[in-house]
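Following: one structure in C-alpha cells, then a few remarks.
When a ligand or atom number is given, it counts from 1 through the structure's own listing order. Both backbone and side-chain heavy atoms feed into the values below; hydrogens, waters and symmetry mates do not. For reference, positions follow the sequence shown, starting with 1.
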Amino acid sequence: MENKKQTKYQGFEQGPIRPPSEASSLLIRLTRNCPWNRCTFCPVYKGTSFSVRPLEHIIKDINLIKYQIDRIQEYSSNGKINKENASTLWNQTDASHQVVFHAALNWFANGMTSVFLQDANSLIIKPAHLVEILSHLRSLFPNIQRVTSYARSHTIARIGQDDLDAIARSGLNRIHIGLESGSDEVLSQVIKGAKKQSHIKAGQKVKQSKMELSEYIMPGLGGQSLSENHALETADAINQINPDYIRFRSLAIPSTIPLKDMVDQGKFIPCSDVQIAREIHLMISSFNNIQSFVTSDHVLNLFEDVQGKLPEDQSKMLSIVSHFLSLPPKEQMIFQVGRRLGIMRFLSQLDHVPLRNQVESICNQMNITPDNVDASIQEIITRFI
Ligand code: SF4
C-alpha cells in the first residue's frame with residue numbers, strides 16, 4: 001500500500017485532525033488520509049487518496065523532531081523557553097523546517113508527554129513497522145507517557161492478537177475507534193464498512209492487549225427512523241466491549257458530506273435536538289455493567305456536562321438530559337441556540353439573565369422560534385466543521 005510514485009521524502013508532515021483529547025500531543029503522520037473514506041457522514045478526507053508513508057520517512061520525521069527539541073532545550077531553562085529565545089530560534093530556522101520547528105515548540109511547551117499517530121487508521125501499516133516506529137519514538141523520548149492513534153474496527157479485527165500485543169508492548173497506549181453505532185442497519189446505511197460484531201471483536205481485542213480503548217459514538221446517526229434501534233444496539237455493543245472511554249460526537253450534516261444528498265432526497269430524516277436528547281437518554285440508561293468513562297468533549301454536542309464514570313455517574317448524566325427534556329419548548333430553544341453560539345455551556349445558565357437576554361435577542365434578530373430552531377441550529381453547527 002506504500003505509494004511507490006512518492007518515495008522521495010517530502011518533508012515533515014502533519015495530518016488534518018486529531019481527537020480533542022490530543023491537543024497537547026505531538027502529531028506523527030504514519031499514513032495519509034483514510035483507506036476506507038466511504039462513510040457518508042464524514043467530511044474529513046473526501047476527495048483525497050490514501051497512502052502509507054515509507055517507514056524511513058516516518059523515522060526521519062521523528063529524528064527531525066528530536067533535532068528541533070534539542071535546539072529548543074539548549075535555549076530553555078527549567079523546562080521552559082521564553083518568547084525572545086523562541087523567536088531567535090524561529091528566525092534561525094530555515095523555511096523548509098518551520099513546520100517541524102513549530103510542532104516541536106508546541107510539544108515542548110506542553111510537556112512532551114503524549115504523541116498521536118496520524119491519520120485515520122495507523123494500525124493498517126505492517127505491525128513490525130509500527131513496532132519499530134514506537135520503539136524509535138520511545139528510545140529518543142523516554143519520558144513520553146502516552147502514545148495514541150485512530151484505528152478502524154475492520155482493521156483491528158483482522159490483526160493477530162500476538163501482533164496487537166507486540167504493538168501494545170512497544171508503547172501504543174490507547175486506540176480511538178469510531179464505532180459510531182452498534183446497529184447493523186445504521187452502519188450499513190452510512191457505509192461505515194464495519195458490522196456490530198467486528199466492532200465488538202476489535203474492541204475486545206484492544207482490551208485484551210491491555211491498551212486503553214476510546215470508542216466514539218454518534219448520536220443522531222440513525223436519523224428519525226432508526227433512532228431507537230441505534231440507541232439500543234449501540235449500548236449493547238458497548239456493554240460487550242466495556243471500553244475505557246465512550247465519547248459522544250453528535251451528527252452534523254454540512255453540504256460536503258454524501259449524507260446531505262440523502263437528506264435532500266428525503267431518504268434520511270435527521271433527528272431534532274429533542275429526539276437526539278431522547279436517544280442519548282435511552283443509550284445511557286441502557287449501559288449496563290460497564291466501567292467506562294463517558295465524555296462529551298466535542299463542540300457539536302448539546303450537553304457538554306454529560307460526562308462521568310459508569311456506573312456511579314449514570315443517574316447524574318441521565319438527570320441532565322431529563323432536565324432538558326422537561327423544559328418548555330422556548331427554554332429548550334434558548335439553550336440550543338445559546339450552546340451552539342458558545343454563549344451558554346450548561347443548562348443552569350438558563351437562569352443567568354444577561355446570557356439568556358443575549359440569546360433571546362439573537363433569536364429575535366434571526367427569527368428563530370421553537371418551530372424552526374433545529375433548521376437554524378443545523379446552519380450554526382456546520383460552521384464548526
Ligand atoms: S473510517 Fe473514519 S476517517 Fe474514514 S471515512 Fe469513515 S469516519 Fe471518516
Side-chain angles (χ1 to χ4, degrees), residues 1 3 13-22 27-53 116-125 148-159 174-203 205-206 213-223 230 234 237-238 241 243 245-263 268 270 297-301 381-382 384-385:
M1 222 165 306
N3 189 339
E13 290 189 29
Q14 301 276 264
I17 61 163
R18 50 147 179 84
S21 55
E22 303 293 337
L27 309 179
I28 296 290
R29 194 176 206 190
L30 274 50
T31 64
R32 302 183 183 99
N33 311 312
C34 173
W36 177 247
N37 212 7
R38 289 182 223 174
C39 303
T40 60
F41 58 86
C42 174
V44 182
Y45 300 104
K46 294 289 181 281
T48 65
S49 58
F50 175 76
S51 61
V52 175
R53 297 185 69 214
F116 180 70
L117 306 178
Q118 296 177 305
D119 281 344
N121 187 19
S122 308
L123 274 282
I124 202 167
I125 74 171
T148 67
S149 177
Y150 283 131
R152 292 187 66 226
S153 288
H154 182 262
T155 302
I156 293 176
R158 292 153 67 109
I159 298 178
R174 183 186 298 170
I175 292 184
H176 297 267
I177 293 180
L179 181 134
E180 328 298 0
S181 179
S183 158
D184 279 338
E185 280 177 86
V186 174
L187 292 167
S188 162
Q189 179 170 274
V190 300
I191 319 181
K192 179 66 191 172
K195 293 196 165 215
K196 180 182 181 181
Q197 274 315 314
S198 56
H199 275 324
I200 294 169
K201 184 176 176 189
K205 285 173 78 173
V206 173
L213 174 63
S214 175
E215 297 274 13
Y216 281 77
I217 290 172
M218 188 165 276
L221 193 60
H230 175 43
T234 302
I238 289 289
I241 297 169
Y245 298 93
I246 298 167
R247 293 195 143 88
F248 286 115
R249 183 196 184 282
S250 300
L251 174 70
I253 309 177
S255 57
T256 49
I257 60 172
L259 190 60
K260 177 71 167 62
D261 293 337
M262 285 184 68
V263 174
F268 183 92
D297 57 354
H298 198 282
V299 70
L300 292 175
N301 296 334
I381 61 179
T382 52
F384 291 102
I385 299 174

Identify, with sequence neighbours excluded, every residue that meets side-chain hydrogen bond (donor to acceptor under 3.5 Å, both in side chains) alongside N301.
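N301 satisfies side-chain hydrogen bond (donor to acceptor under 3.5 Å, both in side chains) with S250, S296 once adjacent residues are dropped.
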Distance filter under 2.8 Å, centred on atom 8 (Fe) of ligand 1 - protein N, O or S atoms that pass it:
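Listed by chain and number: C42 SG.
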Rounded distance (nearest 0.5 Å) linking atom CD1 of I177 with atom CG of L123
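It comes to 8.0 Å.
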Which residues pass the side chain to side chain contact (heavy atoms under 4.5 Å, CB included) test with P270, not counting sequence neighbours?
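P270 satisfies side chain to side chain contact (heavy atoms under 4.5 Å, CB included) with I253, V263, F268 only.
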Please name the residue in the list R18, E22, E215 that meets the side-chain contact (heavy atoms from CB on, under 4.5 Å) test with H176.
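Testing each of R18, E22, E215 against H176, the sole residue satisfying side-chain contact (heavy atoms from CB on, under 4.5 Å) is E22.
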Could you check, using the six-membered ring where one of them is a Trp, whether Y216 and F248 have ring centers closer than 6.0 angstrom?
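No; F248 has its ring centre 6.0 Å or more from that of Y216.
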Can you tell me which residue and heavy atom of the protein come closest to atom 2 (Fe) of ligand 1, and the distance to 0.1 Å?
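Protein heavy atom at minimum distance: K192 NZ, 4.1 Å.
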Run the side-chain donor-acceptor check on residues 178-186: report pairs under 3.5 Å with partners two or more places apart or on a different chain.
from: E180; atom 1: OE2; to: K192; atom 2: NZ; distance (Å): 3.1
from: S181; atom 1: OG; to: S183; atom 2: N; distance (Å): 3.0
from: S181; atom 1: OG; to: H230; atom 2: ND1; distance (Å): 2.8
from: S183; atom 1: OG; to: E185; atom 2: N; distance (Å): 3.3
from: S183; atom 1: OG; to: V186; atom 2: N; distance (Å): 3.1
from: S183; atom 1: OG; to: N229; atom 2: OD1; distance (Å): 2.5
from: D184; atom 1: OD1; to: K196; atom 2: N; distance (Å): 2.7

